[in-house]
Structures are given as C-alpha cells and as structure tokens.
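One structure is given below, encoded as structure tokens.
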Amino acid sequence: MKILVECMHRVRETKVLVVDPSNLNLDHLREVAKVIREGGLVVFPTETVYGLGADAFNREAVKRVYHVKGRPADNPLIVHISNIGQLEHVAETDYLTNDIYKIIEKFWPGPLTLIIPKSRRIPYEVTAGLNVVAVRMPAHPVAINLIELCETPIVGPSANPAGKPSPTSGEHVKRDMMGKVDVIIDSGETLYGVESTIIDFTREFPVLLRPGAIPVEEVERHLQKKIVIPDSARGLIEASEALSPGMKYRHYAPDTPLIILESKDYSDLKSYSEKVLEYVKNLKRSGKKIIVLASRETRDYYGEIDILLLGSRKNLFEVARNLFSVLRIIDELDVDLAVAEGFEERGLGLTIMNRLRKASGYNIVKID
Ligand code: AMP
Ligand code: MG
C-alpha cells in the first residue's frame, strides 16, 4: 500500500490552464480550487514569482510539496492567505503587536511576508518544526481569487526545483513542474520577478530574513524603526546555524559557475567596468568561454565580450525583474563561466545582491 501511494505521488498528468489575470474565468479557478481542496498540487502565479500551492492544513499535500521541489525538510514554507479573517487560523493573533498590524495595513496585499507565532492548526510540516509561521497576502488577482475559492490558506514556495532560479514565467514553470503537479496556471510573466521581503517580528527588534520585492527602507520609514539586517540577508552567509562550517549550498543557481565582481563603490562606473573587463580578459586567456551579466550603463565598455543585459542601474526594479530569467538563460548558452556585475546594496540593490551572491555559491571577488 505504501509503495502504491509513493507511485501516485511520482507520476502525474499535469493540466496546463492559461488564465488572463485581467479577465479571470472564475469557473476555471473553481475547478483548480477543488484540486487543492482534495489535496492536489497547483502551480499558481503571484506578483513575485510562481508558487507551488497546496492546502496549508493538509499534512500529506504539504509533504508532497517538499518532495516535488526536492526541498530540505528544514526549510519552512510561506502560507498565503486571501483575507484578514484567515490570519487567525494561521497565526496566534493574541500575540500580534501594533507593528505587525501597521505592516499589514500598509503592505498587504503585497510582497511582504511576516514571521509571527503560529496557530495550533498549522502543521509542523509547514514550519519545519518551528513555532513561528511565515504569512503573506499576495497581490495577484489569480492568487487571491484562487485562495478565496479554496477557502483555505495555501503554502506557496517558489515553484522551482530546490536550489535553482525561481520561475517568473509560464515557460519556466512548464519546464520545471510538468509531470510533477496536478495543474499549472500559466498567467505569463510575473510583475516583480523576485520573491517577497521576509521580516521576523518575533524577536526584540524586527529582523530582515530575506530582502525582496519591497525595499527594507520602505518598511523602516513606515514603522519609524530600524530593521536589523544580518549578513545572511545580504547573501554573505547561510542563514541556518545548523550547517557545518565551510559547507555551502547554492540557491537560485544556474548549472554554469557564476562569479560576482564586487566593488565598495559603484559611482565611477567607467573605472569599475574597466576592472571587470580586465578580470574577464585574464580569464579568457585561459581559454574559458565567458558571459558577463551587465547593466545598461556599463554594457558599452565591454566591446567584443559577450554580455547578458540585466537592466538599468537607474531602474533596479527592472534588474530584479530580469534577474531569474537571465540566470536561466546562462545555462542555454555555450559558456564555461558567467561573471556578474555587482550593485549598490540600497533599495532593491540589496535584494539583487542577495540573489546574485547566493546564486554564485558565495563566489564573490572584490575588485577595488
Ligand atoms: P520560498 O518558499 O522559496 O519563497 O522561500 C521561503 C523562505 O521563507 C525560505 O527562505 C524560508 O526559510 C523562509 N521561511 C518560511 N517560513 C519561515 C519561518 N517560519 N521562519 C523563518 N523563515 C521562514
Ligand atoms: Mg525559493
């Protein structure tokens, strides 16, 4: 019997449903909601990246999410809700502070995730054994209507195999999840293209666990309070203390090796790109095929060197939005190594550097 159950989880016929977010077909979404209510897995769009959805109260479905992603059991999932009434089913609302309500009022629905005490109903499979839960209300018409029709909160980790770049388009999720889930909802490209900002409100001071689509400065301005930014949120070290020293995981990572060339100061872009160019030319002498991940402002300095354009430094929203697609494109090219420019760690620059550093497996070179 056990073997039968395992087989059922492995082989799936995936239904792909194209849903236009500006012209929702609620009958279609109702069918998808039924799949989730019956314990199925559904890939759905959010305003950040695509999520791998399952009923947050269904332990077996949640376990299958880990299995399908190949996600380590110690990496908890974010719970997505569609209305504020669901919060009390997910969190211990007696312990919610004024700061938390201030954040919810201002940023929900939207790409900001709160770490708060979990309710007893949320299974430990969702939180990886922790007594705190990550919650957010997404601002995407498909996501919010789907959850509403499910009448249950849903977990929604990024719908990519663990360690790989997150999916920001229907093409990405079809490539990553076909045959592994019951339904894929294809709603085209996502708006932000990076995940939500995660802030832990269960400690003495709010702590940034992951920079994301909402700049941390914006949250600080609203709260009139400093948010602690640990090195792990900057993408400089692993967050988990459980890891043995020296052990390095890659997240968001292309198969091709990636190096980040960082500077203390990006105000003189000419001098910075000349250093990048020199570094790349040296590597090319050893016969390596290299691609440079460059910005609009620096691209012209690289002459004959092949580049992939991330976007403009004056519009980091664009860079963040393109980042995961670009990381995926690297592997479609015939190159031995990708070299990425660094960005100033301000606003979305912090989010971009977190993803790039982790994608490189902390392969950071200072070129000042
Ligand atoms: P993803 O599902 O790919 O968007 O990643 C979710 C992120 O949220 C991971 O980095 C998790 O470690 C983090 N997360 C989820 N739940 C919790 C929690 N209860 N406490 C701390 N971090 C969490
Ligand atoms: Mg992820």
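All ligand and atom numbering here is 1-based and tracks the order in the structure. These numbers come from the heavy atoms of this one structure, side chains and all, not from hydrogens, waters or symmetry mates. These numbers were taken from a predicted model, which means no experiment stands behind them.
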Cation-pi check for [Y] against [X]: NZ or CZ below 6.0 Å from the six-membered ring centre and within 45 degrees of the axis, yes or no?
X: Arg355; Y: Phe324; value: no
X: Lys118; Y: Tyr124; value: yes
X: Arg121; Y: Phe57; value: yes

Quiz prompt | Closest to atom 15 (C) of ligand 1 among Ala159, Pro76, Ala128 (heavy-atom distance) | solution =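 Comparing heavy atoms across Ala159, Pro76, Ala128, the nearest one to atom 15 (C) of ligand 1 lies in Pro76.
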Self-check item: side chain to side chain donor-acceptor pair (under 3.5 Å) partner of Lys289, the single match among Thr256, Asp336, Asp334
Solution: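 For Lys289, the side chain to side chain donor-acceptor pair (under 3.5 Å) test succeeds with only one of Thr256, Asp336, Asp334, which is Asp334.
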Lys/Arg N to Asp/Glu carboxylate O, [X] vs [Y], below 4.0 Å:
X: Arg346; Y: Glu217; answer: no
X: Asp55; Y: Arg37; answer: no
X: Arg328; Y: Asp176; answer: yes
X: Lys15; Y: Asp182; answer: no
X: Asp255; Y: Lys164; answer: yes

Atoms of ligand 1 less than 4.0 Å from [X] heavy atoms?
X: Arg71; answer: 1 (P), 2 (O), 3 (O), 5 (O), 6 (C), 9 (C)
X: Arg210; answer: 1 (P), 4 (O), 5 (O), 6 (C), 7 (C)
X: Ile198; answer: 7 (C), 8 (O), 13 (C)
X: Pro157; answer: 2 (O)
X: Ala134; answer: 15 (C), 16 (N), 17 (C), 19 (N)

Backbone or side chain, does any N or O of [X] fall under 3.5 Å from an N or O of ligand 1?
X: Lys69; answer: no
X: Val132; answer: yes
X: Glu195; answer: no
X: Thr127; answer: no

Measure [X] to ligand 1 on non-hydrogen atoms and call it side chain, backbone, both or neither using the 4.0 Å cut-off.
X: Asn75; answer: side chain
X: Val133; answer: backbone
X: Leu209; answer: side chain

Quiz prompt | Closest protein heavy atom to atom 3 (O) of ligand 1, given as residue, atom name and distance to 0.1 Å | solution =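 Scanning the protein heavy atoms, the shortest distance from atom 3 (O) of ligand 1 goes to Ser158 OG, 3.0 Å.
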Quiz item: Closer than 2.8 Å to the Mg ion (ligand 2), do we get an N, O or S atom from Ser158, backbone or side chain?
Solution: yes
Quiz item: Any side-chain donor paired with an acceptor under 3.5 Å for Ser295 and Glu341?
Solution: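 The answer is yes; a qualifying pair exists.
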